[in-house]
Amino acid sequence: MTRQTANGAELSREIARRLLAIHAVELRPNDPFTWSSGLKSPIYCDNRLTMSYPEVRGLIADGFASIIRERYPECEAVAGIATGGIPHAAWTAERLGLPMLYVRDKAKGHGKTNQIEGAFRPGQKVVLIEDLVSTGGSSLRAAVAVRDAGCEVLGTIAIFTYEFPQAEAAFAEQGIPLQTLSSYSVLLEAALEAGSITEEDAALLRGWKNDPEGYSRRFA
Ligand SMILES: O=P(O)(O)OC[C@H]1O[C@H](OP(=O)(O)OP(=O)(O)O)[C@H](O)[C@@H]1O
Ligand SMILES: O=C(O)c1cc(=O)[nH]c(=O)[nH]1
C-alpha cells in the first residue's frame, strides 16, 4: 500500500538524513514517549520541526507536489490534517496553484462548528496531507470526515510512516491509498550510516517494531 518510485527511493533517504540532521528523531528507551494513540514508544519523530528549515520544508513540498502531479493529476484541493499536516499542505497547494483546506481532529465546539475549514464542494477530489503515520488513526479519521462531507478522497500522502502492518491494513480497508516520502526502515538505515544510533540502539528499535504493543504494555 505504501509505495515508492525509483526516484522516490533517493528522496526517501534524503528526507531521512534531513530529519536526523535537524534532530527531529529522538530516542528515549527508558522514559518512553506517549503517542497520540496512547502507545508508549522509545522513539519520537517530530516532523513539526521541518517547518523551521526552509530547505527541508521545500524538499517535502516538492516531493508532495510531484506525487500529486504524477499520481493524482485530477486533484482539485489539498487538505492538511491538523496540526502537523497543515503547513505542508499550504506549501504544496501553493506550488500546484490548488485550493487548500484543513481538517481538524474534531469539529469545533463553537463558531461554525466546522471540522473541515476552507471552501469545498461535494464531489471535489481531495488529496490529504499528513506529517506522520503511526497507527493511521488520525489520517483515517480525517479521510472519513472529508468523505462524509461529500468529497472524494483520492489518497493520503505523508512525510513519514512507521510501516505498521495494522496501519497499512486500515488504509486498505478504507480503500485509501497511502504514499509517504520516507519511512522507518529507511530512517534506521540512514541513522546507522550517519552514526546517529549504535548497533545496540538499532537492535532495540528493530525489536520494538516487531511488537510495539508488547513494548508499550511494559510501561503502562
Ligand atoms: O497515526 P496516528 O497513530 O494517528 O499518529 C500520528 C499522528 O500523531 C501526531 O499528531 P498529534 O496527535 O500529536 O497532534 P498534532 O499534529 O496536533 O501535533 C502526528 O502529527 C499524526 O497526526
Ligand atoms: O504517534 C504519534 O503520536 C507520533 C509519533 C511520532 O514519532 N511523532 C509524532 O509526532 N507523533
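Atoms within a ligand are numbered from 1 in the order they appear, just like the ligands themselves.
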Geometric class of the Y162/F164 ring pair [parallel <30°, tilted 30-60°, perpendicular >60°]: parallel
Do any nitrogen or oxygen atoms of D46 come within less than 3.5 Å of a nitrogen or oxygen of ligand 2? no
For ligand 2 and D131, I'd like to know whether there is a polar contact (N/O to N/O, distance under 3.5 Å). no
Closest contact, heavy atoms only, C75 versus I68: CB-CG2, 3.8 Å
For atom 2 (P) of ligand 1, grab the closest protein heavy atom and report residue, atom and distance to one decimal in Å. T135 OG1, 3.4 Å
Would you check, one step at a time, whether the test side chain to side chain donor-acceptor pair (under 3.5 Å) holds for S185 with E163? CA-CA 8 Å; S185 47; E163 302 168 302; 3.0 Å; yes
Protein contact to atom 22 (O) of ligand 1 [nearest heavy atom, distance to 0.1 Å]: E130 OE2, 2.9 Å
Just to confirm my output: which protein heavy-atom neighbour is closest to atom 5 (C) of ligand 2, and how far is it? W35 NE1, 3.3 Å
Would L132 count as a contact residue for ligand 1, given that I'm defining contact as a non-hydrogen atom of the residue lying under 4.0 Å from a ligand atom? yes
Give me the nearest non-hydrogen protein atom to atom 14 (O) of ligand 1 as residue plus atom name, then the distance to 0.1 Å. R48 NH2, 4.2 Å
Atom 20 (O) of ligand 1: the protein heavy-atom neighbour that sits closest, reported with distance to 0.1 Å: D131 OD1, 2.6 Å
Measuring from the heavy atoms of Y162, does anything fall under 4.0 Å of ligand 2? yes
